[in-house]
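Structure record follows, encoded as structure tokens.
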Protein chains: 2
Amino acid sequence: MENHRLQEALDSLKSTKVRMTPQRHAILEFLFNAKTHPTADDIYKALEGKFPNMSVATVYNNLRVFKEVGLVRELTYGDSSSRFDSNTSDHYHVICEDCGKIVDFHYPGLDEVETLAEHVTNFKVKEHRMEIYGACPECHKLKQH
Amino acid sequence: MENHRLQEALDSLKSTKVRMTPQRHAILEFLFNAKTHPTADDIYKALEGKFPNMSVATVYNNLRVFKEVGLVRELTYGDSSSRFDSNTSDHYHVICEDCGKIVDFHYPGLDEVETLAEHVTNFKVKEHRMEIYGACPECHKLKQH
DNA sequence: TATACTAATTGTAAAGATTATAAAGTAAGA
DNA sequence: TCTTACTTTATAATCTTTACAATTAGTATA
Ligand SMILES: [Mn+2]
Ligand SMILES: [Mn+2]
Ligand SMILES: [Zn+2]
Ligand SMILES: [Zn+2]
């Protein structure tokens, strides 16, 4: 079922001059099955059992390739490391400031914000990003002792 | 005229147990007069004429103090270094992806986005961030050769 | 299947930003 | 002026990410 998206990704890679390697396949598979938004190090640690000699550079190299063909999106939150999302459809994230949990959040609008910004600043607007911060239900409950 | 905001900031620091030092004063003054959104290194370089022996750690230490009392805001853009904004009133930023220029942008709404996110995710929402990306007028003109 | 070409991986070094630490200096109140 | 706790300085350390060169290995072709 979820392998459908993975298969599509593999096909789209094959259609370019990107070679398939066991490491590359494993990284892609891990990303497409991930329910979270893993860091490069998460991926590296998750696969070190299967590929004891894999270099951390391989993880970064592949993430760059996947980004370039549009298969994954990089989420850059100020502190610490980038996170990667194999869901490239338009969606936002709600982030818990206490435990770091990241939840997908769909919202329709915000096109008008881009339009207004374009008018006011004379920029040629291409995209925007938005995140919502707060406390997840679990962390919020804990804080009410 | 702009010294009014600076004076308020100095007073608010004095009202706590934060001591005033020449370095601290200079960093704060630079931030409050800055029209751009400088990085820690920008500040460090701008003041090295006046304080040849100032440590880069002093810049970071003070920025942390200023953040803690709410005098400045840290802007974390994925790649490279954080930027700092002495304008802590609610506003957004429009960023040029070519030259890095950052322009302030005021927009009223987005409270409903927080409300909806709260309902959908059961998070206790505290804040949100949004930036708009594109090409500034100058860079856009250049690309049309 | 063997060959050849080129991309990919590996291991390590390097870069860049930020933080930690300890010693020395100094602001501010008594 | 004295005292004390806060601050600065200098430097090392940490963390993430990238660069590099040598080795390995996909894939197209004969
Ligand atoms: Mn997501
Ligand atoms: Mn601003
Ligand atoms: Zn949480
Ligand atoms: Zn520009």
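All values derive from a computational prediction rather than experimental measurement. Within every chain, numbering begins at 1; the chains are lettered A, B, ... in the order of the sequence lines, protein sequences first and strands thereafter.
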Out of [options], which nucleotide sits closest to the side chain of [X]?
X       : options                : result
A:Arg19 : C:dC5, D:dT17, C:dA28  : C:dC5
A:Ser81 : C:dT18, D:dT17, C:dT10 : D:dT17
A:Ala57 : C:dT10, C:dA27, D:dC6  : C:dT10
A:Met20 : D:dT9, D:dT27, D:dT7   : D:dT27
A:Thr58 : D:dT8, D:dT17, C:dT10  : C:dT10
B:Tyr60 : C:dT18, C:dA8, D:dT8   : C:dT18

Starting from [atom2] on [N], measure out to [atom1] on [X] and report it in whole angstrom.
X       : N      : atom1 : atom2 : value
A:Tyr44 : D:dC15 : OH    : C1'   : 15 Å
A:Leu13 : C:dA7  : CG    : P     : 16 Å
B:Asn62 : D:dT7  : CG    : C1'   : 8 Å
A:Met54 : D:dT23 : CE    : P     : 22 Å
B:Phe51 : C:dG25 : CZ    : P     : 18 Å
A:Leu28 : C:dT9  : CG    : P     : 12 Å
A:Asp42 : D:dC15 : CG    : P     : 15 Å
B:Leu75 : C:dA17 : CG    : C1'   : 16 Å

Using the closest heavy atom to pick a nucleotide of DNA chain C for each, name whichever of B:Asp41 or A:Val65 lands nearer the 5' end. A:Val65
Quick one: label B:Val56 by what it contacts on the DNA or RNA (base, sugar-phosphate, nothing), any heavy atom closer than 4.0 Å. nothing
Please check the phosphate of [N] (OP1 and OP2 only) for any side-chain N or O of [X] closer than 4.0 Å.
X       : N      : value
A:Gln23 : D:dA25 : no
B:Thr21 : C:dA27 : no
B:Arg24 : C:dA27 : no
B:Ser55 : D:dA10 : no
A:Ser82 : D:dT16 : no
A:Asn61 : C:dA7  : no

Non-hydrogen side-chain atoms of B:Val103 and B:Cys136 separated by less than 4.5 Å: no
Would you please classify the geometry between the A:Tyr133 ring and the A:Tyr77 ring as parallel, tilted or perpendicular, with 30° and 60° separating the classes? perpendicular
Angle class for the A:His37/A:His93 ring planes (parallel below 30°, perpendicular above 60°, tilted otherwise)? perpendicular
Could you walk me through whether A:Tyr92 and B:Val113 pass the side chain to side chain contact (heavy atoms under 4.5 Å, CB included) test, one step at a time? CA-CA 11 Å; A:Tyr92 301 106; B:Val113 181; over 6 Å; no
Could you note down all residue pairs passing side chain to side chain donor-acceptor pair (under 3.5 Å) where residues 19-31 of chain B supplies at least one of them, sequence neighbours left out? B:Arg24-B:Asn62
For B:Lys124 and A:Lys143: C-alpha separation, side-chain torsions, deciding distance, then whether side chain to side chain contact (heavy atoms under 4.5 Å, CB included) applies. CA-CA 11 Å; B:Lys124 181 78 187 142; A:Lys143 282 193 290 191; over 6 Å; no
